[in-house]
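Dropping a structure here in structure tokens format, bear with me for questions.
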Amino acid sequence: MSETQHHADGEQHVHKARRVHMNSGPQLTNRLESFWPILGQQGILDFVQAQRFLGLLSPEPDKMKQPGILSAERTRKLLRPWIDEGVLCYRAYYARQKGVFWLTTKGYKYAQLNLRYYEPMPSSLSHLIAVNDVRLLNAERHPKDTWRSEREIRAQQNVNAKGSTPPHVPDAELISPNGTVRAIEVELTIKAEKRLEAIVSDLAANKHYNAIWYFLPESVYSAVTKAVRKLPPEHRKRFVYYTLKGDSYTHESRESTQESGA
């Protein structure tokens, strides 16, 4: 196939048309097919979290420059084509900070998730990012456990609810192979006392949970434990407290961790 161009001097130049390859465009891999659902379940991932999840999903972890985390250059090379493909969005909301990724409507189809499209708001980013860090922490500590995100729990509640008031939805559930279920709560700020008491009471009343794991900064620890101390003893022992980095707060909470199957 050729194309003829006529010039003012009467010459004719024949140029071959560029061949379009059938397999042009980004290619799916097993790692990406595992990455899309994680992104959709969590709502967003910041750039570093995307690096870490892609590192955990690497088919050749021994070849990575830094163990457990994909390089920034490789992450950009891997994900940028999917932004152009309309599967992925990326935006830096704050100056001098890296942005966050989220799936488009098309992306949710790639992820095979029956979840609504979600576009993040700046006010929600700090909590979502903290929950993601807790998921990464548990993926490293409990690699055989299944993480069920708040978005997935709510979607299931909407299917099952028939006019009834659903119980409080934790930030996630962590399910072990033996069926033990832990509710995961990530609390960054102090809620109103009555509101916090209602939340811990609702979680304690949910017999589905063998334990309730709270991840929270020291500034919030006292408020949460105060609310939990108002519960009956049999419920109090199900609550376990960690820092945002996953360290146990006290000797008492470590004992509770062992009792609750951590």
Side-chain angles (χ1 to χ4, degrees), residues 38-39 41-56 66-69 93-94 96-102 120-143 145-153 168-176 181-193 195-197 199-200 203-204 209-229 236-258 260-262:
I38 293 172
L39 179 53
Q41 291 158 5
Q42 299 306 109
I44 63 105
L45 293 175
D46 71 17
F47 191 90
V48 174
Q49 290 166 345
Q51 287 180 263
R52 292 176 65 192
F53 274 114
L54 289 169
L56 288 175
Q66 185 177 347
I69 183 168
Y93 282 86
Y94 295 98
R96 302 184 191 84
Q97 292 185 17
K98 290 184 178 179
V100 297
F101 295 99
W102 69 93
M121 296 295 291
S123 59
S124 67
L125 292 182
S126 59
H127 183 258
L128 291 172
I129 289 169
V131 174
N132 294 343
D133 282 337
V134 170
R135 178 168 182 170
L136 279 161
L137 176 70
N138 282 286
E140 293 167 355
R141 291 184 175 181
H142 309 281
D145 288 5
T146 300
W147 178 280
R148 189 165 178 245
S149 71
E150 178 184 2
R151 302 194 71 215
E152 292 174 291
I153 300 169
H168 173 75
V169 177
D171 291 312
E173 294 174 351
L174 191 64
I175 307 165
S176 69
V181 183
R182 299 96 161 191
I184 303 293
E185 283 283 9
V186 181
E187 202 71 76
L188 300 182
T189 58
I190 300 175
K191 287 184 167 66
E193 186 174 353
R195 171 62 179 152
L196 187 54
E197 289 176 2
I199 290 173
V200 299
L203 289 169
Y209 299 133
N210 301 94
I212 299 97
W213 289 1
Y214 260 95
F215 293 80
L216 64 180
E218 190 172 354
S219 58
V220 183
Y221 173 75
S222 295
V224 173
T225 53
K226 179 182 177 182
V228 172
R229 282 196 297 270
R236 293 201 299 265
K237 67 181 181 180
R238 293 164 59 212
F239 285 79
V240 185
Y241 312 100
Y242 297 102
T243 68
L244 294 173
K245 293 184 177 181
D247 299 321
S248 295
Y249 265 102
T250 64
H251 178 67
E252 178 184 354
S253 67
R254 283 196 294 271
E255 289 180 346
S256 296
T257 301
Q258 294 174 356
S260 302

Note to self: Between Asn210 and Val181 (side chain of the first, backbone of the second, donor and acceptor by atom type, cut-off under 3.5 Å), is there such a pair?
What the structure shows: yes
Next item on the list: Please confirm whether the backbone N or O of Gly246 pairs with a side-chain atom of Arg141, one donor and one acceptor, at under 3.5 Å?
Entry: yes
Next item on the list: Could you check Trp147 against Val134 for side-chain contact (heavy atoms from CB on, under 4.5 Å), going step by step and ending with a plain yes or no?
Entry: CA-CA 10 Å; Trp147 178 280; Val134 170; 4.0 Å; yes
Check: Out of Tyr221, Trp213, Tyr241, which one pairs with Tyr249 under the ring-ring contact (aromatic ring centres under 6.0 Å, His included) rule?
Finding: Tyr221
Note to self: Is there a side-chain contact between Glu173 and Tyr209 in this structure, where contact means two heavy atoms from C-beta onward sitting under 4.5 Å apart?
What the structure shows: yes
Notebook entry, point to check: If every non-hydrogen atom of Pro120 is compared with every non-hydrogen atom of Tyr93, which pair is closest and at what distance?
Noted result: O-OH, 2.9 Å
Checklist line | Close side-chain approach of Arg135 and Gln41, heavy atoms under 4.5 Å | finding: yes
Check: Given Leu203 and His168, is the side-chain contact (heavy atoms from CB on, under 4.5 Å) satisfied, shown in steps?
Finding: CA-CA 7 Å; Leu203 289 169; His168 173 75; 3.8 Å; yes
Check: Is the side chain of Arg238 donor-acceptor paired with the backbone N or O of Ala204 at a distance under 3.5 Å, no angle test?
Finding: yes
Check: Testing Val200, Val186, Asp171 for side chain to side chain contact (heavy atoms under 4.5 Å, CB included) with Tyr214, which one passes?
Finding: Val200
Next item on the list: Calculate, to the nearest 0.5 Å, the distance between atoms NE2 and CG belonging to His142 and Leu174 respectively.
Entry: 6.5 Å
Margin query: As a quick check of understanding, evaluate side-chain contact (heavy atoms from CB on, under 4.5 Å) for Leu196 and Val224, giving each step before the final call.
Written below: CA-CA 7 Å; Leu196 187 54; Val224 173; 4.1 Å; yes
Check: Looking at Ser176 and Asp145, what are the two nearest heavy atoms and their distance?
Finding: CA-OD1, 3.3 Å
Checklist line | Nearest non-hydrogen partners of Arg52 and Ile69, listed with the distance | finding: CG-CD1, 3.9 Å
Check: Can you find a pair of side-chain heavy atoms, one from Arg148 and one from Ile153, that are under 4.5 Å apart?
Finding: yes
Item checked: Glu197 CD to Lys226 NZ distance, which is reported to the nearest 0.5 Å -> 8.0 Å
Note to self: Rounded at 0.5 Å granularity, tell me how far CH2 in Trp102 sits from CG in Leu45.
What the structure shows: 12.0 Å
Check: Only one of Val131, Leu137, Ile129 forms a side chain to side chain contact (heavy atoms under 4.5 Å, CB included) with Asp133, so which one is it?
Finding: Ile129
Note to self: I'd like to check Val240 versus Arg182 (side-chain heavy atoms, cut-off strictly below 4.5 Å). Are they in contact?
What the structure shows: no
Note to self: Rounded to the nearest 0.5 Å, what separates atom OG in Ser149 from atom CD1 in Ile184?
What the structure shows: 12.5 Å
Notebook entry, point to check: Has the side chain of Asn132 got a donor or acceptor atom that lies under 3.5 Å from a matching backbone atom of Ile44?
Noted result: yes
Margin query: Let me confirm one number: the CD-CG distance from Glu187 to Leu244, rounded to the nearest 0.5 Å.
Written below: 10.5 Å
Item checked: Nearest heavy-atom neighbours spanning Ser126 and Ser123 -> OG-O, 4.5 Å
Check: Minimum heavy-atom separation for Leu188 to Val220, with atom names?
Finding: O-CG2, 3.4 Å
Next item on the list: Starting from the C-alpha separation in whole Å, work towards a yes-or-no answer on side-chain contact (heavy atoms from CB on, under 4.5 Å) for Gln51 and Gln66.
Entry: CA-CA 11 Å; Gln51 287 180 263; Gln66 185 177 347; over 6 Å; no
